[in-house]
Amino acid sequence: MGGQALGCLLLGRGWGSIGWVTVTDTHGAVDAVWRIESARIIAGVARIVRDVGLAEELAQDALVAALEQWPESGVPNNPGAWLMAIAKRRAIDLIRRKETYQRKLAEMGHELEIDGGAEDSVEEQVETILEDTIEDDLLRLVFTACHPVLTTDARVSLTLRLIGGLKTDEIARAFLAPEATIAQRIVRAKRNLAKAEVEFEVPTGDDLIERLSSVLEVIYLIYNEGYSATAGDDWMRPALCNEALRLGRLLAELMPGESEVHGLLALMELQASRANARIGPTGEPVLLLDQNRRRWDRLLIRRGLESIDRAWSLEGTPGPYLLQAAIAACHARAAEADDTDWARIAGLYAVLAEVVPSPVVELNRAVAISMAFGPERGLVAVDALYDEPSLKDYHLLPSVRGDLLFKLGRLDEARAEFEKAAGLTRNERERALLLDRAAAC
C-alpha cells in the first residue's frame, strides 16, 4: 500500500476492538494512525526519557517523519509500529547525546550489557523491554496526565491530548475555548509536571486510590461535557463522549480488578446507549421520559450491564460510579418509561448521597421521589435545597422545580421557574427548551 491511494487500513488497539478506518490519502492515513496509536507511542517513549512533555515532542517528530516519507515510500504494513520505532530511535539518540546508556537504563530498572559499538543490538534490547511493558506504560501515562498536581482543566486537556490523541484545535472546539488558551494550558501542564518532578509510574497503596479517583474524575468530566454540553449551540458533543468511552475501555483493560473503573465504564455505556434518542430532527433535546426507547442502542446496554456485573463481582464497597451505573441500569431495563422502578432509583440516590454527599445528588433524588411518590413529595425535597449556596446559579434547580409546579397545576409559578432556568443555562438548545416550557404554562 502506498502513494496517494490507500484502501482499508486495519487499525486495532488496546480495548479489544478492531476497526476498519478508510482513508483516501496518505495524510489521512497518518491522521488515522496517530489518533489510535499516539498514546501508546508517547507512553513507550516516556518510559525511556522519563518526561511526558519530551516524549510527546519525540512522538511528534515521528509523525512529521511519516508525513514527509509516506507519500514517497508508501504507508507501511504496520504504521503504528513504524511510528513507534522512529520515536524510540529519536529518544535513544537523545539519551546517547546527553548521558551514558548505563545510567539511563539503570533508571529504567534494567541491567543490560552495553557495547558502545553495537548500537543496533542495544536498540533491539531496549525495544524488546518496551514492547514487553507497553500496557504498563499506557497506565503510567494515564496516571501522569491526570496527576492531582494539575488543575482540573489542565488534567482534562492534557488527557485528551496525550491519551485521546486529539489536536489542540479539536480540544478547543470541544470546550468552546480559544485554541491559544488550550495550547497554553497544555504547555503549562507539561511544565508543571516536570517542575513537580512527577514520576512516570503507577502509584501504589493509598496513593493509588487517590490518584485513581483523579483519573476517573477526568474521564467522567470529559464524558459529561459531551453528553450535556454546558454551553454553545449543540445539546451533545458526540466526539467527547466517544473519547471518554475509549479512555474508559482502555482503563478497564489496564485495571481489571478495580470495581469503580468498571462502574464508570458501565455508566458511560448505558448513558451512551440513549444518544440517538436524545436529539430530535432539528437538534432539539428530547428528555428521558419522552424518548423513543426502540432507538436505544441494545449493544451498548448489554455491554454496560456486563460491566456492572463485573464491578459487583469484585470486592469492596460500591463507589459513586457503580451506584450511578446501577441507577442508569434501572432506566435501561425499562422497556417503557412507565416500567421504570423509580422507588429503587430513589433508594439508590439515598445510598449515593451517603457515599458522596452533594446537593446535586439530593436534587436528583428529589426527582426520583416525585416520580415514585408524587410531585408533592418531590417539591418538598426540592424546596429544602432552594437556599443551598452551591445551587444558586445551577439552572437545573429551577428547571426541576418548574416541572413539579407544572404537574401540580401551579402554572404561573412554574413559568417563572422555567424562565429563571433559561436565564441561567449557557446552552442554546437547553434555553430554547426551557422557554418553550415556560410558554406552555
Side-chain angles (χ1 to χ4, degrees), residues 2 6 9 11 13-14 23 25-101 104-105 107-108 119-120 122-131 133-134 137-138 140-142 144-145 157-171 179 182-194 198 200:
L6 181 70
L9 184 65
L11 300 172
R13 183 62 206 154
V23 290
D25 54 42
T26 308
H27 283 203
V30 173
D31 188 63
V33 174
W34 179 255
R35 180 62 58 89
I36 293 174
E37 297 285 351
S38 59
R40 178 174 177 263
I41 295 167
I42 294 169
V45 175
R47 161 62 77 91
I48 303 175
V49 299
R50 317 299 290 180
D51 183 315
V52 171
L54 179 57
E56 189 192 11
E57 291 178 15
L58 294 168
Q60 292 280 355
D61 287 347
L63 180 65
V64 171
L67 290 169
E68 293 173 345
Q69 297 180 35
W70 289 7
E72 297 295 329
S73 64
V75 178
N77 288 330
N78 192 335
W82 189 96
L83 288 169
M84 178 72 88
I86 295 297
K88 287 177 181 177
R89 194 168 300 125
R90 299 285 172 88
I92 291 169
D93 288 343
L94 182 66
I95 293 170
R96 184 179 292 120
R97 290 196 300 270
K98 289 187 174 181
E99 54 189 320
T100 67
Y101 268 107
K104 178 51 65 176
L105 292 178
E107 289 179 5
M108 294 168 63
E119 294 179 357
D120 290 341
V122 170
E123 291 184 9
E124 289 174 3
Q125 292 180 67
V126 172
E127 184 158 339
T128 298
I129 292 168
L130 292 169
E131 288 303 324
T133 60
I134 191 64
D137 289 342
L138 278 170
R140 290 184 182 95
L141 185 59
V142 171
T144 302
S157 299
L158 191 61
T159 299
L160 286 173
R161 176 64 175 266
L162 297 182
I163 317 298
L166 271 66
K167 299 173 184 174
T168 304
D169 62 327
E170 293 174 315
I171 302 172
E179 186 175 346
I182 296 297
Q184 291 171 3
R185 187 178 296 165
I186 292 171
V187 168
R188 282 197 300 268
K190 290 185 286 190
R191 185 185 300 132
N192 288 339
L193 288 175
V198 172
F200 184 66

Q. Which atom pair, heavy atoms only, marks the closest approach of G165 to S38?
A. CA-OG, 3.4 Å
Q. After noting the C-alpha distance and the side-chain angles of L141 and V52, does the key distance pass the side-chain contact (heavy atoms from CB on, under 4.5 Å) rule?
A. CA-CA 8 Å; L141 185 59; V52 171; 4.2 Å; yes
Q.
Please evaluate residues L193 and L158 with respect to the criterion side-chain contact (heavy atoms from CB on, under 4.5 Å), reporting the C-alpha separation (whole Å), side-chain torsions for both, the decisive distance (0.1 Å), and the verdict.
A. CA-CA 11 Å; L193 288 175; L158 191 61; 3.7 Å; yes
**Q.** side chain to side chain donor-acceptor pair (under 3.5 Å) partners for E56, two or more places apart
**A.** R161, K190
Q: Can you sort out the partners of N78 under side chain to side chain donor-acceptor pair (under 3.5 Å), two or more places apart, ordered by chain and number?
A: none
Q: Work out which heavy atom in D51 is nearest to a heavy atom in A194; give both atom names and the distance.
A: OD2-CB, 4.4 Å
Q.
To the closest 0.5 Å, what do you measure between CD1 (I42) and CG (L54)?
A. 11.5 Å
(Q) If I compare all heavy atoms of A62 with all of A87, which pair ends up nearest, and what's the gap? (A) CB-N, 3.8 Å
**Q.** Validation row: V75, W82 side chains within 4.5 angstrom (heavy atoms)
**A.** no
Q: Output the distance between atom CG (L63) and atom CD (E68), rounded to the nearest 0.5 Å.
A: 10.0 Å
Q. When rounded to the nearest 0.5 angstrom, what distance separates CD1 in I182 from CG in D169?
A. 10.5 Å
Q: Please round to the nearest 0.5 Å and tell me the distance separating atom CZ of R50 and atom CZ of R140.
A: 7.0 Å
Q | Residues R40, E37: salt bridge by 4.0 Å N-O rule | A | yes
Q: Evaluate the side-chain proximity of I171 to I186: yes if any heavy-atom separation is below 4.5 Å, no if none is.
A: yes
Q | Worked verdict on V187 versus Q184 for side-chain contact (heavy atoms from CB on, under 4.5 Å) | A | CA-CA 5 Å; V187 168; Q184 291 171 3; 5.7 Å; no
Q. What closest approach, in Å, do P76 and W70 show between heavy atoms, and which atom pair accounts for it?
A. CD-CE2, 3.3 Å
**Q.** Euclidean distance, R185 CZ relative to N192 CG, rounded to 0.5 Å
**A.** 13.0 Å
Q. Which heavy atom of A183 sits nearest a heavy atom of T168, and at what distance?
A. N-CG2, 3.7 Å
Q: Work out which heavy atom in A59 is nearest to a heavy atom in I41; give both atom names and the distance.
A: CB-CG2, 3.8 Å
